[in-house]
Every structure is written in structure tokens, then in C-alpha cells.
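The basis for the numbers below is simple: all heavy atoms, side chains too, and nothing from hydrogens, waters or symmetry mates.
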Amino acid sequence: MADRRRPGGGPAVVWFRRDLRLHDNPAWARATRDHERVAAVYVVDPELRDAAGDHRRQAVDDAVASLDRALDGGLHRLHGDPRVEIPRFAAECGASAVSWNRDVTPYATRRDSTTATALDGVCERHETWGTLVHPPGSIETAAGSVPKVFTAFWKRWQQMTLPALAVASDTTLITPVGEQTFRADTPPVGLEAVALERLDEFLHERLDAYPNDRDLPAIVGTSRLSIDLKRGTIGPATVARRAAEFRHGDPFVRQIAWRDWFAHLLFENPGIVTAPLQATKTPRWRNDPDEIAAWKTGRTGFPIVDAGIRELLATGYMHNRVRMIVASFLVKDLLVDWQIGERYFRHLLADGDVPQNVGNWQWVAGTGPDAAPFFRVFNPTLQSKKFDPAGVYLRRWLPELADLDDTAIHEPSRLGPLALAAAGVTLGVEYPQPLVDHADARQRALAAYEQTKR
């Protein structure tokens, strides 16, 4: 047992951030393996908390409380700037090491660098990766950069060996002194167990139909693990390993690789949070404030767009296919800067994850690494008819259109006043007129993007 102790017997501090679990957590596994005593810490960071909407704050609060229960009340919850609080806590408890799982956002990189410097002379630091399957720098071209086309990244990703399970060891937990108050309305069941059960249910019951059903917003055809992956109640490596065991797992595993790709790109290009990766592909934005306000409140006159926004406002979630339609409408039909939509999504989404959000919005805008999608302008009506043919999703979020038939509900502006009145709808009253004519807006967008070539 002596070889597990740091000289002087100092404990390890594990700093939990977006890895709120004990299972398959590299930072937790290393600390419990190398130290007989461990203190588990979570810091409520006002800078991050103030930037999050109510749904994400609640999702994180639930996960923190769940982690505390898993530790039998042993989670130390600090408040303030972690660059100050973590070194202070480590010094006060005589820690010999602080462990954490790294992240790729510019804020996280700056925060961790400052914290590491503050820990110099206090104790060692151990940084691992528990938020991605494969860490940045592990998948590169011959030139030493992240592949700019996903298919090239995916081929290399598939050739990599999936990381082994990070297994924790028995340890003595240093528990907080005094009572800590966590949310009283959090779920009684541990969220780690819930996430693992959700994964197993998906793999056994919905995986085979996933390539088709994932695009249907009226049903649960996806894994619904995005919030778990964001807050870290399940590890991406766990998801990838389990899915890879199934015969038809590749289409789903590919989505986990997309997640890695966007994270690797952000780590290599931190400026893409606030600027296009390919500035020369950026058209002249219109940024009409009235149209932006209509989009943000689900009042565009395009049902599939409005349903998506209203789902987001009510739940903090939006179906993936609908996210693409809603984003394309803002950027292409309205010619609004993608950063406006990205920030709005990031604030409201419970699963709002910077690299995924930025990567997908730049992909839609055609300013990302693979700019080919610049000429793709989703027709919201055709997308709605294809993926929600019976209007089930639309009726769920747009009850004012519920009495329209399965065809008319996708494009109520095509109906005459009498037909609309029979369904209790007056355009401009119960439901808005369309902001734009899609055909005209599409041509305007293509012309704006064509202008960038000059």
C-alpha cells in the first residue's frame, strides 16, 4: 500500500467539471489509484453559470446533486473563480496532487492554464481526458493538423483503438465539514445509472432503426444522451465502446466521432467561437432585428421552424434534424449571422456544448472547415413534410394549427381565408404570415454566397 502514497501522505483533489460521474472517469480513476485519500470538489463558477439558461443550469444542478449522493454526501461544493478556489482548497487540505479532465473551449483552456500555474509550488497536477473518446492531437493529417473534412477524420478515428475503461480504486473520501445544501427537487435515482440505462435501452431497442428514425422529430428515435454527454453523467468512451459491440452500431458511433471532430477543430482553432473559420466564405449579413426577434420567439410563419423554437424555449431541447432546419432558415432564408443563432442556442439548450454548437452552426453557414454546405438551403416546408408527414410534431408545439389537415399544417399560408377560418386560424392573428418567400430567399442567399467568390 505504501507505493500508492504521495510523500508526506497528502491526499489528491479531484476537480469535477463537465464529468459529473464516477464510472469511467479518468481523473477520478487516477486519483483513487494513486492516493489513499481523495477529496472530490465541484466549483460553482459564476462566469459559466451566468452564461447558461435555466434549463442547462437545472441539468447541471441535478447532476451535481446526483454526484454528491453517489459520494454519500462527500462532494465539496465551492463557489467562486476556480482559478482561485482550487489552489486555495488544495493548499488548505495539504493536497499532493490535483486531478481533472481537460476540456477544449477557449475559456476552459485559459482557466486550466491559470489554475495550473497557481498550483506550482503547492502540489502536482494531473490532467487527463474524459470528455472525448480520442483526445486532441491523436488524429491528424500528415501535415500535423486536424482533417478538414469529416470523412477523412472518421477513417482515421475508426483505425484508433477505443480507450480502456477507467476503473476507480477503493479510497478514503475526505468529506466536507458542515452541511451543504443541494437542490431538493433533484431526481432520487442516480443520474449515472439513468444514463447507462438510457444507453442500454437505445442499443437494444432503437439502434437498428436509428439511421432512419433519428430524423423523425415526432418520435424518440435518437439516443437522447446529449445532455448526459454534456454534463458528463456518462462518458463518450463508454458510449462508443458499448455501441461498437452491436452489429449495426456504426451509424451511431459515427455521430460520436463527429462530436470528437468538432472538439478537435475547436482545440486547434480556438478563434472559431467568435469568428468564421473561413472568413472569405462569409456573405454580407442582413441581420434584420424584427426578423431575428420573430425567429427567436417561434413566429416566422414556417411551422417546422416555429415548432423547433417553441420546443427549445419550453424544454431546453430541440430535435437534431429540426436544429439543422431552424439554423438553415436563420442563416440562409433570413441572411442572419450564424453567431447570433449560435449564441441563442448555446444559452437555451440544456445540452449546449460549445464545440458542437459552434461546429454545427459554422457547418450550416458554410464557413466551417468543410464549406461545401454553403449552397445547401433547406426548404423548411419540404423538410417538414418529409420528416413529420402527419404533422404530429407540429401539432405538439403549435396547438393553434392543430385542426389543419396533415397537408395544410406544413404550409398554412397556402390556404385561403375560409379554409383557415374553418380550422380556427387567421394569419397574422393566431399564426403569423411567413416572414419571407422561401424561393426568393433561397435565390438571395445563393447570390450573397456567390458574391463571396469575387
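Taking the ring centre of Y449 as origin, the terminal cationic atom of K332 falls inside the region bounded by 6.0 Å and 45° from the ring axis. Geometrically, R30 does not engage W28 in a cation-pi contact defined by less than 6.0 Å to the ring centre and at most 45° from the axis. Cation-pi geometry between R21 and F16 is not met: the NZ or CZ atom fails to fall both under 6.0 Å from the ring centre and inside 45° of the normal. Geometrically, R254 does not engage F150 in a cation-pi contact, judged by NZ or CZ lying under 6.0 Å from the ring centre and within 45° of the ring axis.
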For this session: Please report the C-alpha distance between Y107 and E47 in whole Å, then the side-chain angles of each, then the deciding distance to 0.1 Å, and finally whether the side chain to side chain contact (heavy atoms under 4.5 Å, CB included) criterion is met.
Result: CA-CA 10 Å; Y107 174 78; E47 186 166 349; 3.4 Å; yes
For this session: Before giving the answer on side chain to side chain contact (heavy atoms under 4.5 Å, CB included), spell out for H126 and V98 the whole-Å C-alpha distance, their side-chain angles and the decisive distance to 0.1 Å.
Result: CA-CA 6 Å; H126 300 147; V98 176; over 6 Å; no
For this session: Dump the intermediate steps for ring pair (Phe, Tyr, Trp, His ring centres under 6.0 Å) on F387 and Y393, then the final yes or no.
Result: CA-CA 9 Å; F387 296 114; Y393 177 76; over 10 Å; no
For this session: Would you check, one step at a time, whether the test side-chain hydrogen bond (donor to acceptor under 3.5 Å, both in side chains) holds for W100 with E127?
Result: CA-CA 5 Å; W100 66 76; E127 298 179 88; 3.1 Å; yes
Exercise. Hey, mind stepping through R102 and T131 against side chain to side chain contact (heavy atoms under 4.5 Å, CB included) and telling me if it holds?
Worked result: CA-CA 7 Å; R102 299 180 66 183; T131 57; over 6 Å; no
For this session: Go through the steps for R286 and E291 under the test salt bridge (Lys or Arg N to Asp or Glu O under 4.0 Å), then give the verdict.
Result: CA-CA 10 Å; R286 294 176 63 250; E291 293 180 352; 2.9 Å; yes
Exercise. Step by step, would you call V104 with H264 a side chain to side chain contact (heavy atoms under 4.5 Å, CB included)?
Worked result: CA-CA 8 Å; V104 300; H264 288 210; over 6 Å; no
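With respect to the salt-bridge test (charged N to carboxylate O, under 4.0 angstrom), the residues R111 and D103 do not qualify. A salt bridge is absent between D81 and R88: the closest approach of a Lys/Arg side-chain nitrogen to an acidic carboxylate oxygen does not fall below 4.0 angstrom. We find that R125 and D120 are joined by a salt bridge, their nearest charged nitrogen and carboxylate oxygen being less than 4.0 Å apart. The pair R198-E201 does not count as a salt bridge, with every side-chain nitrogen at least 4.0 angstrom from each carboxylate oxygen. Under a 4.0 Å N-O distance rule, the pair E85/R77 does not qualify as a salt bridge. We find that R241 and E245 are not joined by a salt bridge, their nearest charged nitrogen and carboxylate oxygen being 4.0 Å or further apart. The pair K386-D215 does not meet the salt-bridge criterion, since no charged nitrogen lies less than 4.0 angstrom from a carboxylate oxygen. Ion pair E140/R156 not flagged as a salt bridge, since none of the NZ, NE, NH1 or NH2 atoms sits closer than 4.0 Å to an Asp/Glu carboxylate oxygen. We find that R49 and D61 are joined by a salt bridge, their nearest charged nitrogen and carboxylate oxygen being less than 4.0 Å apart.
Counted by atom type alone, E36 and T172 present zero donor-acceptor pairs between their side chains at under 3.5 Å. Using modelled atom types, one finds a donor on one side chain and an acceptor on the other under 3.5 Å when comparing D228 with T233. With no hydrogens or angles considered, a side-chain donor-acceptor pair links W157 and D260 at under 3.5 Å. Counting only N and O atoms by type, the side chains of D337 and N287 include no donor and acceptor under 3.5 Å apart. Of the N and O atoms on the side chains of R321 and Q383, at least one donor lies less than 3.5 Å from an acceptor on the other residue.
Using a 30° and 60° split on the angle between ring planes, W361 and F345 fall in the perpendicular class, above 60°. Using bins of under 30°, 30° to 60° and over 60° for the plane-to-plane angle, the ring pair F252/Y210 lands in the perpendicular bin. The aromatic rings of Y344 and W295 lie tilted to each other, with the angle between the two planes from 30° to 60°.
Using a 4.5 Å cut-off on side-chain heavy atoms (C-beta onward), P217 and V322 make contact. Within the 4.5 Å cutoff, the side chain of L71 has heavy atoms near those of the L67 side chain. V354 is listed as a side-chain neighbour of V273, based on a closest heavy-atom distance under 4.5 Å. Looking only at side-chain heavy atoms (C-beta outward), L78 and V44 stay at 4.5 Å or farther from each other. Annotation: side chain of V41 is not in contact with side chain of L75 (no heavy-atom distance under 4.5 Å). Annotation: side chain of L191 is in contact with side chain of R231 (closest heavy-atom distance under 4.5 Å). Using a 4.5 Å cut-off on side-chain heavy atoms (C-beta onward), R33 and V167 make no contact. Residues L199 and R242 meet the side-chain proximity criterion, which asks for heavy atoms closer than 4.5 Å.
The backbone N or O of T367 lies less than 3.5 Å from no partner atom in the side chain of Q278, so there is not a single donor-acceptor pair. Looking only at distances, a side-chain donor or acceptor of T315 sits under 3.5 Å from a matching main-chain atom of E311. Between the side chain of S328 and the backbone N or O of I325, no donor-acceptor pair lies under 3.5 Å. A donor-acceptor pair is defined here as one N or O able to donate and one able to accept, closer than 3.5 Å; such a pair exists between the side chain of T117 and the backbone of S113.
Taking the six-membered ring for Trp and the full ring otherwise, F302 and F329 have centroids separated by under 6.0 Å. Not less than 6.0 angstrom separates the ring centroid of Y42 from the ring centroid of H76. Taking the six-membered ring for Trp, Y317 and H55 have ring centres at least 6.0 Å apart.
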